[in-house]
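Chain A is the first sequence line, chain B the second, and so forth, proteins listed ahead of strands; every chain is numbered from 1. Remember, it's a predicted structure, so these values are computed and weren't measured experimentally.
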2 protein chains.
Amino acid sequence: MTRNGRPTSRDVAHEAGVSQSTVSLVLAGKWTGRVSPATAQAVHEAAARIGYRPNEAARSLRLGRTRTVLLVVPTLSNPFFGALYTGTARVAAAHGFRIVVYPWPEPAHSAAFGSPFAHEAIDGILASSMALEMLGGFGGTPVVMLDSDPAGVAPTVDFDVADGMRRIADHVLGLGHRHVGHIAAAVDEWTFRSRGEALHAAVASTPGGRVTPARAAIDVAAARDAAADLLRRPDRPTVLVCDDDQIAAGAYKAARALGLEVPGDVSVTGFDDVLLAAALEPELTTVRLPAAALGAEGMTALLDLLDGGTPPSRSLPGDLVVRGSTAPPPVR
Amino acid sequence: MTRNGRPTSRDVAHEAGVSQSTVSLVLAGKWTGRVSPATAQAVHEAAARIGYRPNEAARSLRLGRTRTVLLVVPTLSNPFFGALYTGTARVAAAHGFRIVVYPWPEPAHSAAFGSPFAHEAIDGILASSMALEMLGGFGGTPVVMLDSDPAGVAPTVDFDVADGMRRIADHVLGLGHRHVGHIAAAVDEWTFRSRGEALHAAVASTPGGRVTPARAAIDVAAARDAAADLLRRPDRPTVLVCDDDQIAAGAYKAARALGLEVPGDVSVTGFDDVLLAAALEPELTTVRLPAAALGAEGMTALLDLLDGGTPPSRSLPGDLVVRGSTAPPPVR
DNA sequence: CTGAAAGCGCTTACAG
DNA sequence: CTGAAAGCGCTTACAG
């Protein structure tokens, strides 16, 4: 027994009447052909009887692996990343890994958190929605990037955001819109660059189509101001395509403040399909990005990488979800 | 050097020309009076030069402590718990602890996660918004409960939700409302029981005041249906007091579907002040609960407990935030 | 003031 | 088929 009262493999050995090494072999599942079935069963029973659980610290020290993965996300105030975490943790748990979440850079607290890589008690890193370079020096720790530029050196699991934005474009162009206001997220990341490029390409290839760009932080108040600027123009866009659901919420507020109805006077679209999208009135037309699936696929790829594999970069499709915030442009 | 190329305290010792035990003493900050200042400085310089970082697994094994705390939350889809995590992690990092988040019971994945207590590589538990009994058998691991019944055996850090709800009640009663619809969260937890009791008490003590109760899951669609039932009554309440901001979002939807204006025809209040509250139109009158502060105070209490202290149960005040969703009742 | 040594609980060659 | 032993990298009495 350890000082804190937890049984050790020696206690199991004593209880089962075998040696400690036999216990280790049996409980690691490496006994077939080396230990008799009867002995193995006795060990399992003894372990269950005294409530034995292996000491992870000892195993980590011995193996040089910690079975811990660091998940780096830009923020936890967006429930998107909560869902992402859930997906990674599900796959991790099934393989005996744990996930430590690290919101970074969290503007408010970045300094106080200290460097996550200082601890180094991790086997690998999953980083979402950021550039690999942002991670700085993390030694040779294996990394899988999520929702990030697939042109980098690390394996990547992405959403096909360009395709999602093309679906948005096809939807609003199909409704008859030609003048599109695009409220881009003022964050220089691959995921947002891709959304913007796809939108511009799709609209430009349509006769009479044009995009008026604007930028806003991913924040309701900032988006409201950017949207108000677009809506006060003499040649007002008939639809506001937003890089994110929170930005779309700001666009709603700007429209209402100017006495414009959504979607009667101006249509609005979002991106992500977080809870907010269905809470707004009217409900938001957006692209659903399966965050939990992204996390699960990313963790699967990282496990492959840790096993010495070379997981291919992949892309998950997003679904267009048409709700009440889009309609044909007003007749003039 | 370890197999994976990381320098150890032996490498530092060699670099500094001292013994490994001296390195350990110096880097643990326990050298004053036992090691000469010159030697201590040499050790620090050598450690910095070769980029030494202590192996956490070895330290954990030796000390029998892991410097890891499990944070159990009901869900991560509500950004409230993201903020709570941020607060705990900030204090934890300052003390060399890490936080492992565990959403539990996450209806969708609860089975797949496995028991968090099985790993046992934790020194303590912070559990939010649940009953201590839900944690089941966690051995003798120290626990601090957050936003939970202070009558339990574990130290507790709470919001004064009863006071918050009284402020809501005073606000709407002050506006002239007398018939209050209460949409309670259909979750049998202390935090919601307290909200309901405080509301009923405050309204009952006002001449002519009465409460019509309803219940809904913490979910926009469920809340919409519950609110619609209240609003279709012949003796319709003039204000819907909701146990949570998401429930309030559902109340908005029900009002709009019935052609009622918020706040002209019916006032609505929330609780928590998550991002959604300011994204709604009109913006939601609610009680701001400082989630990050709760997390920070909880972690501080747990550190105290781990040090052998007996942290007192505490309560943090919530602020009433009056926005556009409340107004005097319509004249009849 | 400094170092040699024990030992935390495991895993895994190695010997029998 | 089974066990004795080494060793992962630390912390901390203990001896000098």
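Of the charged side-chain nitrogens involved, none lies within less than 4.0 Å of a carboxylate oxygen, so that E56(B) and R67(B) do not count as a salt-bridged pair. Electrostatic pairing of E297(A) and R314(A) counts as a salt bridge here, judged by a charged N lying under 4.0 Å from a carboxylate O.
Taking 4.5 Å as the limit, every side-chain heavy atom of D160(A) sits out of range of all side-chain heavy atoms of D158(A). Annotation: side chain of V73(B) is in contact with side chain of L84(B) (closest heavy-atom distance under 4.5 Å). The closest side-chain heavy-atom distance from L76(A) to Y85(A) is not below 4.5 Å. With contacts defined as side-chain heavy-atom distances shorter than 4.5 Å, the pair N55(A)/T8(A) does not qualify. Between T39(B) and V18(B) there is a side-chain heavy-atom pair separated by less than 4.5 Å. By the 4.5 Å heavy-atom criterion applied to side chains, R98(A) and T68(B) are counted as neighbours.
At a cut-off of 3.5 Å, with distance as the only test, a side-chain donor of S19(B) or T22(B) sits close to an acceptor on the other residue. For the residue pair T66(B) / D123(B), a side-chain donor-acceptor distance below 3.5 Å is found, with atom types taken as modelled. Inspection of the D147(B) and S129(B) side chains reveals an N or O donor paired with an N or O acceptor under 3.5 Å.
The stretch residues 37-44 of chain A touches DNA chain D through T39(A), each having a heavy atom under 4.0 angstrom from the strand.
We find that CG of L25(B) is positioned 12 Å from C1' of dC10(D), with the value rounded to whole Å. The CG-P distance, from L27(A) to dT11(C), rounds to 8 Å in whole Å. Residue L61(A) contributes atom CG, which lies 8 Å from atom C1' of dC10(C) at whole-angstrom precision. If you take CG of L63(B) and P of dG7(C), they are 17 Å apart, rounded to a whole angstrom. Atom pair R59(A):CZ and dC8(C):C1' shows a separation of 16 Å (rounding to whole Å applied). Whole-Å rounding puts the E56(A) CD to dC8(C) C1' distance at 15 Å.
The side chain of S9(A) places an N or O atom within less than 4.0 Å of a non-bridging phosphate oxygen (OP1 or OP2) of dC10(C). For dT2(C), the OP1/OP2 oxygens have no side-chain nitrogen or oxygen of T22(B) closer than 4.0 Å. An OP1 or OP2 oxygen of dT2(C) is reached within less than 4.0 angstrom by a side-chain nitrogen or oxygen of S36(B).
Heavy-atom nearest nucleotides on DNA chain C were determined for A58(A) and for R65(A), and the one closer to the 5' end corresponds to A58(A).
As judged by a 4.0 angstrom heavy-atom cut-off over every strand, S24(B) is placed among the base-contacting residues.
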For DNA chain C, the dot-bracket notation using Watson-Crick and G-U wobble pairs below 3.5 Å, [ ] for pseudoknot-type crossings and | for other-strand pairs, is |||.||||||||.|||
What nitrogen or oxygen pairs link the protein and nucleotides 4-6 of chain D at under 3.5 Å?
{"residue": "dA4(D)", "atom": "N7", "partner": "S21(A)", "partner atom": "OG", "Å": "3.3"}
{"residue": "dA4(D)", "atom": "N6", "partner": "S21(A)", "partner atom": "OG", "Å": "3.1"}

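Summarising the local packing, CD of E45(A) is surrounded by more than 12 heavy atoms from other residues, nucleotides or ligands at distances under 6.0 Å.
Which of dG3(D), dC10(D), dC10(C) sits closest to the side chain of V18(A) comes down to dG3(D).
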